[in-house]
2 protein chains.
Amino acid sequence: MAQDQELALSTLSDEPAWKQRAVERSTKAARLRAERKVQQFLEAAQEIILEKGSTDFTVQEVVDRSHQSLRSFYQHFGGKHELLLALFENALRRSADEIRAAAAAEVDPLAGLEVGIRMLFESSLPDPSTRHPLFTDFATQLLMTYPAEVRSAHEPMLSVFAELMTRVDAVGQLRTSLRPRRAAAMVMQSVMFLAQSTAVAGESEGAHPLTTDEVWDFCSGGFARHAEG
Amino acid sequence: MAQDQELALSTLSDEPAWKQRAVERSTKAARLRAERKVQQFLEAAQEIILEKGSTDFTVQEVVDRSHQSLRSFYQHFGGKHELLLALFENALRRSADEIRAAAAAEVDPLAGLEVGIRMLFESSLPDPSTRHPLFTDFATQLLMTYPAEVRSAHEPMLSVFAELMTRVDAVGQLRTSLRPRRAAAMVMQSVMFLAQSTAVAGESEGAHPLTTDEVWDFCSGGFARHAEG
DNA sequence: CGTCTTCGGAGAATGTTATTCTCCATCGGG
DNA sequence: CCCGATGGAGAATAACATTCTCCGAAGACG
């Protein structure tokens, strides 16, 4: 149609305003409905995960729980992975906000970053007791097949750490060899993954699980000994 | 049978020597055959992975390629995951040996560890061009479902880094707050995971992929600035 | 040498999920 | 009141892993 052609030119302003508004109006209701449904699916999935204490569920379970249909599910999500990504993104965004807030309470930039790292580590632990699990294990499943999406889900958290790291840099507390955002990325990923890997209870030795202190020590100062700067 | 009962006592020395030898003889052939077959499966899987440049293959493909049967496969492996673990273990062991050898060439402990970390990072990159890919991505798939096995597959590599780290500690170059083996574990896991996560080509910004230098900087000195010790 | 047992090959059958498809009721607009 | 679109219910399909069944060959033993 002509409409399609105009859209293809990517100049929406060519479109008569009344037409846009008409489309908008007829679309709005549908959009709201869709948002509600998506929300229902997400909530159902959350519930199931919390109940089972595990992050592997079937699409069917989610559908049943949310009293909707498979068709509806695939109408709102491109596939299971989108649901997973949505959950992951939500959790990460919420957690990022909490961390930002908590870190902001610290005046010393380094102390703020420390708070952030500690919180991130603890909420990334695969402990089901946490009320806001980060579903870090999703990430590793999805990382292989949908790397770009996972990265964009990480974005809010990365932003928080980039801010914190930049502040640390501003007071001259960051290694000169590292750019803040890249340091933030390394820290964030290391912390999340290290938390994930503590899932593995060591059998040979005793207290394998890493502690928050160790992780903070490692991230801030690496393993090498150095005089206090 | 009586034999079973004796075995159940887990005192094999009660068993008459001649009997052990007899069993041994009749078992040996079977064992050799089994080892050969397992080897064939492993090689077929390796080939497929190298050809496809991807680590996801079906059991059927491996069976076809190795000119054997599904039944035979499941007779030698408890499931696909065991094949994966075997590949992962092999790759990791081989790589661990290479790293140990290369690091041993350095006299300075810290330099040895640096070599080790750089090699580990580079061989963990998901680049298919490497002739000995570490299959790090297997690890993340398996970590969730078979944590203990993954840990034990990590063991040889962990040993190498524990040795290197202990040497660093011996010359007083390790942070006093970290035990060598635990530092080694954190370093190893961080490096492997960070390499894995570079798979994600950043779209928003330019040179997202981490460099070996950055990773080494981070591992050795953390992000915080400090005077040279 | 013939039979018997066991081992393992081939590949059909099963089970589990994700994903798609088909049919049909409903509902809002003309 | 009819019509076309929307979306519900759930059957059909597809892709795998895993198991099962049948059957022939290779020794073991009389």
Looking at R94(B) and D97(B), does any basic side-chain N land under 4.0 Å from a carboxylate oxygen? no
Output the residues of residues 36-49 of chain B in contact with DNA chain C, where contact means a heavy atom of the residue under 4.0 Å from an atom of the strand; sort by number or write none. K37(B)
Suppose we screen for ring pair (Phe, Tyr, Trp, His ring centres under 6.0 Å). Which residues come up paired with F138(B), at least two apart in sequence or across chains? F135(B)
Listed by chain and number, what are the side chain to side chain contact (heavy atoms under 4.5 Å, CB included) partners of P156(A), not counting sequence neighbours? R93(A), A96(A)
Output the rounded distance in Å from NE2 (H76(A)) to P (dT6(D)). 12 Å
Please tell me if the side chains of Q189(B) and L194(B) come closer than 4.5 Å, counting only heavy atoms from C-beta onward. no
Less than 4.5 Å apart, side chain to side chain, heavy atoms only: is that true for M157(B) and S95(B)? yes
Between Q46(A) (side chain) and L42(A) (backbone), is there a donor-acceptor pair under 3.5 Å? no
Angle, rounded to 10°, between the helical axes spanning five pairs at each terminus of the helix from dC1(C)-dG30(D) to dG30(C)-dC1(D)? 20°
Does anything in residues 47-60 of chain B form a side chain to side chain donor-acceptor pair (under 3.5 Å)? List the pairs, not counting sequence neighbours. E47(B)-R65(B), E51(B)-R65(B), K52(B)-E61(B), S54(B)-D56(B), T55(B)-D137(B), Q60(B)-D64(B)
Could I get the full list of side chain to side chain donor-acceptor pair (under 3.5 Å) partners for Q40(A), not counting sequence neighbours? Q68(A)
Which residues satisfy the ring pair (Phe, Tyr, Trp, His ring centres under 6.0 Å) test with F73(A), sequence neighbours excluded? F41(A), F77(A)
d(CD, Q141(A); C1', dA18(C)) in whole Å: 14 Å
Length of the CG-C1' vector between L84(A) and dT17(C), whole Å: 14 Å
Looking at E155(A) and R181(A), does any basic side-chain N land under 4.0 Å from a carboxylate oxygen? yes
For F193(B), the ring pair (Phe, Tyr, Trp, His ring centres under 6.0 Å) test, sequence neighbours excluded, returns F193(A)
Contact state string [nucleotides 22-27 of chain D, B base, S sugar-phosphate only, - no protein heavy atom under 4.0 Å]: ------
Centre of Y74(A)'s six-membered ring, under 6.0 Å away, within 45 degrees of the axis: is that where NZ or CZ of K80(A) sits? no
Do any N or O atoms of the protein come closer than 3.5 Å to N or O atoms of nucleotides 3-5 of chain D, and which pairs are they?
none

Between the protein and nucleotides 11-18 of chain D, which nitrogen or oxygen pairs come in under 3.5 angstrom?
unit_1	atom_1	unit_2	atom_2	d
dA17(D)	OP1	K80(B)	NZ	2.7
dA17(D)	OP2	V59(B)	N	2.9
dT18(D)	OP2	Y74(B)	OH	3.0
dT18(D)	OP2	K80(B)	N	2.9

Interatomic distance, S72(B) atom OG to K37(B) atom NZ [nearest 0.5 angstrom]: 4.0 Å
F161(B): what forms a ring pair (Phe, Tyr, Trp, His ring centres under 6.0 Å) with it, not counting sequence neighbours? none
Take the protein atom CD of Q75(B) and the nucleotide atom C1' of dT6(C), then report the distance between them rounded to whole Å. 11 Å
